[in-house]
Amino acid sequence: MPAETAVLAAVGANGARRNSPSTGAMVSQAPSRVNDSELIRAAQRGDRSAFELLVRQYDQAVLRLALHLTGSEADARDIYQEAFLKAYRHIPSFRFECSFYTWIYRIVTNLCLDHLRKRQTRREDPQTTMDASGREVDTLERVSDDRAGANPERDLMRRELGAKIAQALTRLTPRERMVFELKHYQGLRLRTIGEMLNTTEETAKNTLFRATQKLRGALAPMR
Amino acid sequence: MDCDWIKDNIVFFVYDELPDDARFEFEQHIQRCIGCRRELDAAREFKAGMAALPVQEISPNFLTSNRMELQEAVEHAQQQRSGWGMFVFDFAGWMRQVKLAPALCSALLMIGFAAGTLTTYQIVTRSQVPQPPSQAVEAAITGIESMAQQPNSNRVSITYDTVVPQTKEGEITDPAIQKLLLLACRNNRNSDLRLGCIDILKSQPEDTAVREALVYALRYDRNPGVRLKALDGLKGYVKDDVHVRDAVLEALMHDTNAGVRSEAIGLLDPVKADSSVREALQVLAERDQNKFIRSESKRYLASTPNLD
């Protein structure tokens, strides 16, 4: 049985379907992008409530991305605050050369990349993360099983697998991790990811290829 | 299109990133090659298996606290911007505009040249006209900047700053008077003055600028009396204005004065069913050190049990 079959067996046949609500979450976050330019212009004139409306269109997706990448509520909070404060300070110089959502995600991804690079230097233990109060939480606890009729054995297997995936993700380079995150969990097109990371679609494509190869390799011993 | 190409592109097929023509070729190959089909199945299983680490949903509590924190930070940044922005010239922004408008750039150069010539002419002409005597006697001297004695003489040259007090009278609805009242609310260090100004302004909270000043006073004023006055002025807007509601909630949660907190909890009665208010009340009912706040929080929560 190939490694991926073992993965699927542990997840259950609904694994792919469970993933779908999160996939493309960011895309579905921006239904009223048509109004963005009006709001941006108002925010550029100093209208704070317009800026708050812009924030509310994207902030859940930003927080979700930061939380999944950092695994820590405190870090996600820092990234959220810094990203939107930066956006507020620089919105007068927004030139409408890209969409607001690409712009804000460029800020967020840069901050997340910095965070991942710092963490890689510190070599933090990926098995434990911190919640908002600074309490250490085992990565296993992050993996929930809310399927009806789930049995404890299957639940445990699923939790172990989730922890293995989390560990495998930390072995990717920050850039590989970011591209994989934006493609797999956020459901973005590679062209958009390239724009956000200030690179070409081709480079993003190569990075995604390397990331999936590494992840499949890391999860292979689970047969 | 051989098996190596297929293996290199399986991941892009799975993530729907292949162009239509390549996708068609890929599907054709997969139908006739068992080895590549197995590879594709394995890649699909890998993608599905990654769902074992799902993206966590953000709790409303976490989201709300982040939004409140950001709101405060933005408010602070705005104050800084309005404070310094008037005096700091945005050279980069100006350069961008000039870069994009060559005609404007030429016009600015011509205007600059003309203004320079005119100014030089005026300086030369004025230097021959005797200066009128200084009127500084009427103004209060606030400080001496510098003093220099001319060599080999009894003459000295002193540079000093003066302040000329001015008085303005008018109706409280007069925009100029209102502007001065708003300034006094935020900038003056005299608590009595702030108290008086807030007392006058709270009669017109329908004005957005006044309401903002009241919210500012409630959040940041050091004097509890001023904060209480601001709270009184805001009470009619807790239901309709989310910023007012957030400020009152914040006062309830964090104000250092028990009187202000007791007053704040009374104001939340019309919005006690609101989810953010209920969450705050639940925390206070369980953990607050003030007995009155605890019992009032419990009473509010008990009066809306059907929403639990």
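Here is how names work: the chains are called A, B, and so on, in the same order as the sequence lines, proteins then strands, and each is numbered from 1.
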Supply the atom-to-atom distance Asn66(B) CG to Leu63(A) CG, rounded to the nearest 0.5 angstrom. 5.0 Å
Taking atom OG of Ser59(B) and atom CD of Glu73(A), what is their separation to the nearest 0.5 Å? 6.5 Å
Please report the C-alpha distance between Leu219(A) and Met50(B) in whole Å, then the side-chain angles of each, then the deciding distance to 0.1 Å, and finally whether the side chain to side chain contact (heavy atoms under 4.5 Å, CB included) criterion is met. CA-CA 10 Å; Leu219(A) 296 170; Met50(B) 292 301 286; 4.0 Å; yes
Return yes when atom OH of Tyr220(B) has more than 12 non-hydrogen atoms of other residues, nucleotides or ligands closer than 6.0 Å, and no otherwise. yes
Nearest heavy atoms of Tyr80(A) and Arg67(B), plus distance in Å: OH-CG, 3.5 Å
Under a 4.5 Å heavy-atom cut-off, does chain B meet the side chain of Glu52(A), its backbone, both or neither? side chain
Separation between NZ of Lys47(B) and CG of Leu215(A), rounded to the nearest 0.5 Å: 14.0 Å
Crowded around Lys214(A) NZ? As in, over 12 foreign heavy atoms under 6.0 Å? yes
Part of Leu169(A) lying under 4.5 Å from any heavy atom of chain B: side chain
Does the Gln60(A) side chain pair with the main chain of Ile58(B), one donor and one acceptor, at a distance under 3.5 Å? no
Show the nearest heavy-atom pair for residues Val55(B) and His68(A), with the distance to one decimal. CA-CD2, 3.7 Å
Using every non-hydrogen atom in the two residues, find where Phe209(A) and Lys7(B) come nearest and quote the distance to one decimal. CE1-O, 4.2 Å
Contacts of residues 8-20 of chain B with chain A (heavy atom under 4.5 Å): Asp8(B), Val11(B), Phe12(B), Tyr15(B), Asp16(B), Glu17(B)
On a heavy-atom basis, which atom in Val55(A) and which in Leu70(B) lie closest, and how many Å separate them? CG1-CD2, 3.7 Å
Atom CD of residue position Gln289(B) - does it have more than 12 heavy atoms of other residues, nucleotides or ligands inside 6.0 Å? no
So which part of Arg191(A) gets closer than 4.5 Å to some heavy atom of chain B, the side chain, the backbone, both or neither? neither
Toward chain A, the part of Glu39(B) with a non-hydrogen atom under 4.5 Å: both
For a quick test of reading the model, state the closest non-hydrogen atom pair linking Gly49(B) to Leu161(A) and the distance between them. O-CD2, 4.4 Å
